[in-house]
Amino acid sequence: MDGLSLPLDGQILTKGELQVSEKERHQQLDEVFKEIATIVADKCVNPATKRPYPVGIIEQAMKDTHVSVKANKTSKQQALDVIKHLKEAKIIEIERARMRLRIAIGVKESKKMKEKVSKLVTSVESDNYDDVEYEMVRLFQSNEWGCSS
């Protein structure tokens, strides 16, 4: 370009390349691996106890099932793939954590709302009535509503 010398950043932008040492690449992939394990631990539970797994157990299960990190995919997308992979591999029992939904509305609207919500939830946690208000607490799978929790 016009014989001007570009700083390193300008060269990267024009040529699209950056040399990264093997050690740096390994460190980056290791960080992404840990980030994926953290996301999986945040989104999943042990179905028997309904408690989350520690990140270390998720990391070990990922290593045991030979999960490889891809530099060109986001950590969140890879975490969703890892959840499916761990379910299929059955190294650990794992399922997506359910989200809790609490709705408080007037008693007049409660019957309609209860019918609509009942079609969408996986289980009923509680129903409470008083003279003025109806409160329902329901659990649902986040992926059923298109949420990515």
Measure the [atom1]-[atom2] distance between [X] and [Y] for me, rounded to the nearest 0.5 Å.
X	Y	atom1	atom2	result
L86	I92	CG	CD1	5.5 Å
E88	I83	CD	CD1	12.0 Å
K84	R96	NZ	CZ	9.5 Å
E109	K116	CD	NZ	11.0 Å
E125	R98	CD	CZ	10.0 Å
R25	Q28	CZ	CD	8.0 Å

Where do K111 and Y134 land on the side chain to side chain contact (heavy atoms under 4.5 Å, CB included) test, with the steps shown first? CA-CA 9 Å; K111 186 175 182 182; Y134 169 65; over 6 Å; no
Where [X] and [Y] come nearest, the two heavy atoms and their spacing:
X	Y	result
A71	L29	CB-CD2, 4.5 Å
P52	A41	CB-O, 4.0 Å
I39	A79	CG2-CB, 3.4 Å
V67	F33	O-CE1, 4.1 Å
V107	S110	O-OG, 2.7 Å

Taking the side chain as C-beta and beyond, is there a heavy-atom pair between [X] and [Y] under 4.5 Å?
X	Y	value
V45	Y53	no
N46	R51	no
L80	V40	no

Quick check: is [Y] connected to [X] through a chain of hydrophobic side chains (ILVMFWY, heavy atoms under 4.5 Å apart)?
X	Y	result
V121	I105	yes
Y129	M113	yes
V124	L139	no
L101	M136	yes

Under a 4.0 Å N-O cut-off, is there an ion pair linking E95 with K50? yes
Can a donor-acceptor pair be found, under 3.5 Å and without considering hydrogens, that links the side chain of E24 to the backbone of S21? yes
Short question: side chain of Q78, backbone of K70 - any donor-acceptor pair under 3.5 Å? yes
For a side chain to side chain contact (heavy atoms under 4.5 Å, CB included) check, start with the C-alpha distance between V55 and K34, then their side-chain angles and the critical distance, and finish with the verdict. CA-CA 8 Å; V55 175; K34 288 179 182 187; over 6 Å; no
Which salt bridge (Lys or Arg N to Asp or Glu O under 4.0 Å) pairs, counting each pair once, include a residue from residues 131-141, with sequence neighbours left out?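 As it turns out, the salt bridge (Lys or Arg N to Asp or Glu O under 4.0 Å) pairs with a partner in residues 131-141, which skip direct neighbours, are R102-E135, D127-R138.
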